[in-house]
Amino acid sequence: REDAALGRTAASIAHEIRNPLNSLSMGLQRLHMEGTELAGEHRHFIEIMLDAVHRANSIVTGLLDYASPHYSNPQPVRLDLIIDTILPLYQARCAEQGIALTTDVTCTDQVAGDQKRLSQVVENLLTNAVEAQPNGGFITIAITRAAGAVAMDVTNGGFTLSPEQAERITEPYFTTKPSGTGLGLAIARRIITAHGGELHVHPLPESRVRIGFHLPVFAGSTNHPSHGTSAA
């Protein structure tokens, strides 16, 4: 009942706030494109305001995403195939930042869930890992089988996390980033919980952290040939 009430409230807030945000965005974009007589300083102010509108819209979207139901009609999903789809989107940025990407897939069993939502979780984990290492580092993604579950772990450097922060980092609006909203990992945790799994955070020595989750194996799942270890 609480989740349903939160969902209705978030949807109402999103509707009421997005309408004026869209009007502001369209007006500012038009000024930026057509205001040829504006001084460079004024055009810069418009760009700053546009960025603020976009940030506000992303916060509203995150609130709605956190409060909304996370999946229905579960289907068999392979986490390794999600990785194959998403990693190419990050390879160029990782190469630019000097981040070594490595995968270690020893389990290709299926889990039951919504592929779009689980892809969102994977993207959240990868985005956190990349943003934590602007000056280079590494990201290791492992998919393994453990006690009737499929586990995925993302380990990266560049991130010192205290035990207290590790306990709170999946809470809504708690963030260690100067410009973060604090909803990415909270949304990921709710999605994984809705799928009958658990998300975990482990601080490691030498400014490293491992964040991952495990999900129950889909009934009737058959292990496909493993990808093994690869680097990008």
Set of side chain to side chain donor-acceptor pair (under 3.5 Å) partners for Gln29, sequence neighbours left out: Ser25
Can you list the residues that meet the side chain to side chain donor-acceptor pair (under 3.5 Å) rule with Asn22, with sequence neighbours excluded? none
Might you work through the side chain to side chain contact (heavy atoms under 4.5 Å, CB included) test for Val217 and Gln110, ending with a clear yes or no? CA-CA 6 Å; Val217 174; Gln110 298 167 321; over 6 Å; no
With a 4.5 Å heavy-atom cut-off, do [X] and [Y] have their side chains touching?
X: Ile141; Y: Ile83; result: yes
X: Val105; Y: Thr144; result: no
X: Arg189; Y: Val121; result: no

Short N-O contact, Lys116 and Asp114, less than 4.0 angstrom: no
Might you point out which heavy atoms bring [X] and [Y] nearest each other, and give the distance in Å?
X: Ile211; Y: Leu185; answer: CD1-CD1, 4.1 Å
X: Ala129; Y: Ile139; answer: CB-CD1, 3.7 Å
X: Val130; Y: Cys94; answer: CG2-SG, 3.9 Å

To the nearest 0.5 Å, what is the distance between [atom1] ([X]) and [atom2] ([Y])?
X: Ser119; Y: Asn124; atom1: OG; atom2: CG; answer: 11.0 Å
X: Gln115; Y: Leu81; atom1: CD; atom2: CG; answer: 7.5 Å
X: Thr108; Y: Leu79; atom1: OG1; atom2: CG; answer: 10.5 Å
X: Tyr90; Y: Glu123; atom1: OH; atom2: CD; answer: 4.0 Å
X: Thr103; Y: Ile143; atom1: OG1; atom2: CD1; answer: 8.0 Å
X: Leu215; Y: Leu199; atom1: CG; atom2: CG; answer: 9.5 Å

Check for a donor-acceptor pair, side chain of Glu198 on one end and backbone N or O of Thr193 on the other, with a separation under 3.5 Å. no
So for atom CD, which belongs to Glu206, do other residues, nucleotides or ligands contribute more than 12 heavy atoms lying within a distance under 6.0 Å? no
Heavy-atom count check: over 12 atoms from other residues, nucleotides or ligands less than 6.0 Å from Arg93 CZ? yes
Leu87 and Leu101: side chain to side chain contact (heavy atoms under 4.5 Å, CB included), yes or no, with the steps? CA-CA 9 Å; Leu87 273 189; Leu101 270 174; 4.1 Å; yes
For Leu125 and Phe213: C-alpha separation, side-chain torsions, deciding distance, then whether side chain to side chain contact (heavy atoms under 4.5 Å, CB included) applies. CA-CA 10 Å; Leu125 299 186; Phe213 59 87; 4.1 Å; yes
same_hphob_cluster(Met33, Leu31) at 4.5 Å side-chain heavy-atom cutoff: no
Between Met152 and Phe138, is there shared hydrophobic-cluster membership here, with clusters defined by ILVMFWY side-chain heavy atoms closer than 4.5 Å? no
Leu28 and His32: CA distance, side-chain angles, deciding distance, side chain to side chain contact (heavy atoms under 4.5 Å, CB included) verdict: CA-CA 6 Å; Leu28 289 168; His32 193 265; over 6 Å; no
Name the residue from Thr140, Val154, Asp153, Asn156 that meets the side-chain contact (heavy atoms from CB on, under 4.5 Å) definition with Arg210. Asp153
Which of Leu118, Val111, Val77 passes side-chain contact (heavy atoms from CB on, under 4.5 Å) with His195? It is Leu118
is_close_aromatic(His44, His42), centroid dist under 6.0 Å: no
